[in-house]
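Position 1 is the first residue of the sequence, and the numbers go up from there.
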Amino acid sequence: MKRLIKKVAILGSGVMGSRIACHFANIGVEVVLLDIAPKDSGDDKKLRNKIVNDALQFALKSNPSPIYRKSFVSRITTGNFEDNMKDIASCDWVIEVVVERLDIKKQVFEQVEKFRKPGTLITSNTSGIPIHLMLEGRSEDFQKHFCGSHFFNPPRYLKLLEIIPTPKTSQEVTDFLMNYGELYLGKTTVLCKDTPAFIANRVGVFSIMSLFHLVEKMGLTVEEVDKLTGPVLGRPKSATFRTCDVVGLDILVHVANGVYDSCTKDEARELFKIPGYISKMVANKWLGSKTEQGFFKKVKGAGGKSEIHALDLKTMEYKPSQKVKFATLETTKPIENLRDRMKVLLAGKDKAGDFYRTSFFSLFAYVSNRIPEISDELYKIDAAMNAGFGWELGPFEAWDILGIEETVKAMEAAGNKPAPWVYDMVKGGAKNFYKVENGVRKYYDIASKSYKTIPGTEQFILLDNIRSAKTVWKNAGTTITDIGDGILNLEFHTKMNSIGGEIIQGMHTAIDMAEKDFRGLVISNEGANFSAGANVGMIFMMAAEQEWDEVNFAIKAFQNAMMRVRYSSIPVVVAPHNLALGGACEMSMHADKVVAHAETYMGLVEFGVGLIPGGGGSKEFALRLSDEIKEGDIELNTFRNRFLTIGQAKVSTSAHEAFDLGYLRKGRDLVVMSRARLLAEAKAQCIELAEEGYTMPVQRKDIRVLGKQALGLAYLGADSMRSGNYISEHDQKISQKLAYVLCGGDLSAPTLVSEHYLLDLEREAFLSLCGERKTLERIQSILTGGKILRN
């Protein structure tokens, strides 16, 4: 059966329902969002839809936004259960997201049964109610097309989607949802058993609950725990207690109580009992962000400034947050690679080391004992924790790094024996839970006692799996990899993937190699961010020493590298994800094609450090402005919009918004939902360009710039903003320099100019601003203030 999803009904518009609706709208699906009608609402349609409309508006105002582009909201139609349940007859998938009560869910399903057409998918977003209990009284067709579909909050940003079939769910339905979730929704889809809390929450809440007890035992503070369990472990900045505040302590307690009540044979059941201090917090309504205090609380300090206070778990009083230091953490500061850092953390001789050993050994034992209860395959547990809780390393991945056999011995000594299958595995000669063969990552399958390919990954190209065998060249900041079919990939691995001399050298080398022996080049990497931009620290040092020839050489080298991306004899495709700022945005703008992950935050942000885009970004905006203005357009309005995009350092909140800001090109660049498929899609697009008979473009000499006509408008606007004290004198100067480049100088009339003419203007303006004291102060402030380098 070929199944198409054109229209989805979301039943329930609360925090999850409204945001799930937004995410389906993000991918182009028509959505019907329904909720209850208020009591005594009469026949007034506006009043009858008040609950659902208010919920949707609340979601749209949340930060970060659940929607890729404001216009996508038009794909959502709201209504209420009484008047609009009949509308689900035209829907291909109905998702229930009402309150977590089985009786209410059953009432909703009874209404759904009256209106859904046969064959329509029907799923529940429950986070804990057994899926099979919802089937009572439902028709055979309903049961066949029903399962759990557990999204994680916020649905746009957390990548996990747990699919939980019942014994009566059709295999076709399960297979379809597993594929659809990954391909179209951009999710990591994990097939789960219908067990309490499924996979991610079962393991995640165990980890949190065991930590709650460990904190009491070791006398750790809230600040210490969050320092120990955040980015240093490859986990979110919110770490443990801040995450609890965001999620809501009441929700965690609800899940923990559910596991305690349901899992009577769980060997770690006692750890799901709620500690006294947590019970007191719940009784006091200290639930986190929703009640404005939990483990942390924002208060007004001296001078009216906001301060963050942390809860003292011994006195149950709030105190100013304290800085935390552990010798083990100090030791790991120079170690950027998480895999190397893990070994040092667990070998620590201080309180931090004791904490890591206790918590990880307990976790390893727990997940080993959950097989086959919650999953038959170990990779599903890691995948669920990676995507649902933001752990860079899942439990089995972390255990692998530490060494299975030696860790088992240490676990035994600490009283945390793993499950018998682990001993059988080691006895059988298997040394790892995962291994890579011929570029394919495989997991240890317990049932067959052999290694198998992780299902669904065959179509992915993962650099971590092929780098060791397929690297053709590398330097300190880049690696060039042969990804097959005549295509090379250039990846960065500098800090924040900032662009400096090594990356520029890598770009030239990759293009040289591709022009000689290959068909095309993709620029992509697997870092947390594509690139935070050019290395302004290097520029700062040269400018501070007034080495202007060196600065000029560096900027020209950067411009030349960007022009090489545009003008080579092979197609160059750039595949950005997450941050693609400053120089990385300029690189993308010069590519033959951009294949961007949906979560790409792109922008020319140089204005923020007192500069203008100097790597071809200003030139490229002038070129695109020339191409955008059609006969009859009001030129100055279009110029103003593009000028403000750079002048206000606008960063797209999604790849889709990058089209609106002019960073991506409609009809040429494209967006991919699945991060895992990004490189494979970029490679496919590169091959397509090559097979179409790619020819190197001719450098442009027909760029129409507006000269004094637009320059006067820009200067007047900057003067006005300065007079009103909206911008500083230095900002006014930057604005004038930017306008001068975009207008092609002070030409007396609109004129056709070349790219090189504009690049020279751009470089001259950039150099002059480098010499400004205010610019150097801004750059120095960023470098010394510990902020992310984003130019």
Side-chain angles (χ1 to χ4, degrees), residues 16 100 123-132 147-153 155 158-167 169 174-175 177-178 181-182 185 187-210 235-236 243 247 251-252 254-256 258-260 262-263 265-269 271-272 360 362-400 418-419 421-422 433-434 443-447 452 454-457 676:
M16 284 301 292
E100 284 286 84
T123 65
S124 172
N125 186 61
T126 181
S127 59
I129 297 175
I131 304 298
H132 66 277
C147 70
S149 58
H150 183 211
F151 290 82
F152 274 61
N153 189 35
L158 280 183
K159 296 306 177 186
L160 180 59
L161 173 58
E162 292 179 316
I163 300 297
I164 313 103
T166 75
T169 306
T174 302
D175 293 344
L177 290 173
M178 289 291 291
E182 189 274 323
L185 291 170
K187 299 296 181 184
T188 296
T189 48
V190 175
L191 188 62
C192 300
K193 294 185 178 184
D194 191 5
T195 55
F198 313 129
I199 293 179
N201 278 342
R202 181 71 174 274
V203 176
V205 173
F206 163 80
S207 180
I208 292 170
M209 292 303 298
S210 62
R235 296 181 185 177
T243 296
V247 171
I251 293 174
L252 286 169
H254 174 75
V255 176
V259 173
Y260 183 83
S262 304
C263 302
K265 295 182 180 179
D266 188 318
E267 78 287 348
R269 184 174 180 238
L271 286 176
F272 286 93
F360 272 100
S362 172
L363 175 64
F364 294 161
Y366 190 74
V367 293
S368 72
N369 281 303
R370 299 286 68 75
I371 295 175
E373 181 197 350
I374 65 173
S375 174
D376 294 324
E377 298 88 8
L378 60 87
Y379 76 85
K380 291 179 181 177
I381 294 176
D382 283 342
M385 299 313 296
N386 296 153
F389 280 75
W391 291 9
E392 193 173 327
L393 294 172
F396 291 106
E397 291 170 321
W399 195 346
D400 242 359
W421 68 263
V422 177
F433 294 118
Y434 297 95
Y443 72 99
Y444 180 77
D445 179 62
I446 298 157
K452 292 185 177 181
I454 298 173
T457 63

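- Summarising the geometry, atom CG belonging to Leu191 is positioned 10.5 Å from atom CG belonging to Leu161; distances are rounded to the nearest 0.5 Å.
- Evaluated for a side-chain hydrogen bond (donor to acceptor under 3.5 Å, both in side chains) with Glu162, the options His150, Lys187, Lys380 yield exactly one hit, His150.
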Intermediate values then yes/no, side-chain contact (heavy atoms from CB on, under 4.5 Å), Ile163 and Cys147: CA-CA 7 Å; Ile163 300 297; Cys147 70; 4.2 Å; yes

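- From Asp266, atom CG reaches atom CZ of Phe206 across 8.0 Å, with rounding to the nearest 0.5 Å.
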Intermediate values then yes/no, salt bridge (charged side-chain N to carboxylate O under 4.0 Å, His left out), Glu373 and Arg202: CA-CA 11 Å; Glu373 181 197 350; Arg202 181 71 174 274; 2.9 Å; yes

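- Atoms OG and CG, from Ser127 and Asn125 in turn, are 7.5 Å apart once rounded to the nearest 0.5 Å.
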Chi angles and distances behind the side-chain contact (heavy atoms from CB on, under 4.5 Å) call for Asn201, Phe389: CA-CA 9 Å; Asn201 278 342; Phe389 280 75; 3.7 Å; yes

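- Side-chain atoms of Ser368 come within 3.5 Å of backbone N or O of Ala419 as a donor-acceptor pair.
- Side-chain N or O atoms of Arg269 include one that pairs as donor or acceptor with a backbone N or O of Tyr260 at under 3.5 Å.
- The minimum heavy-atom distance between Gly390 and Pro236, with the atom names listed, is O-CD, 3.4 Å.
- Annotation: side chain of Ile374 is in contact with side chain of Val203 (closest heavy-atom distance under 4.5 Å).
- The only member of Tyr379, Phe364, Phe396 that meets ring-ring contact (aromatic ring centres under 6.0 Å, His included) when paired with Phe433 is Phe396.
- In this structure the side chain of Thr189 never reaches within 4.5 angstrom of the side chain of Leu177, judged on heavy atoms.
- Ring planes of Trp421 and Tyr444: parallel class, angle under 30° (limits at 30 and 60°).
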Chi angles and distances behind the side-chain contact (heavy atoms from CB on, under 4.5 Å) call for Ile208, Thr243: CA-CA 10 Å; Ile208 292 170; Thr243 296; 5.5 Å; no

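- Looking only at side-chain heavy atoms (C-beta outward), Thr169 and Ile131 stay at 4.5 Å or farther from each other.
- Asp376 has its side chain within reach of Lys193: a pair of non-hydrogen atoms, C-beta onward, lies under 4.5 Å apart.
- The two residues Pro165 and Thr174 have their closest heavy-atom pair at CB-OG1, 3.6 Å.
- Side-chain contact check for Thr195 versus Ser262: every heavy-atom pair is 4.5 Å or farther apart.
- Met385 contributes atom CE, which lies 12.0 Å from atom CG of Leu393 (distance to the nearest 0.5 angstrom).
- In this structure, a donor-acceptor pair under 3.5 Å is present between the side chains of Tyr434 and Asp382.
- Looking only at side-chain heavy atoms (C-beta outward), Trp399 and Pro418 come within less than 4.5 Å of each other.
- Both tests pass for Arg370 against the ring of Tyr366: distance under 6.0 Å to the centre and angle within 45° of the axis.
- Residue Gly388 comes nearest to Leu158 through the heavy atom pair O-CD1, 3.7 Å, listed as atom of the first residue, atom of the second, then distance.
- For the pair Thr188/Asn386, no side-chain contact is recorded, criterion being any heavy-atom separation below 4.5 Å from C-beta on.
- Contact record, Ala200 with Phe152: CB-CZ, 3.6 Å, taken as the closest heavy-atom pair.
- Nearest heavy-atom pair across Met16 and Phe151 is CE-O, 3.4 Å.
- To the nearest 0.5 Å, the span separating CD on Glu100 from OG1 on Thr126 amounts to 3.5 Å.
- Counting only heavy atoms from C-beta outward, the side chains of Val205 and Val259 never approach each other to under 4.5 Å.
- When all heavy atoms of Gly128 and Phe198 are compared, the pair lying nearest together is N-CE1, 4.2 Å.
- Note that CG of Asn369 is 14.5 Å distant from NZ of Lys265, once rounded to the nearest 0.5 Å.
- Side-chain atoms of Asp194 come within 3.5 Å of backbone atoms of His132 as a donor-acceptor pair (strictly under, hydrogens ignored).
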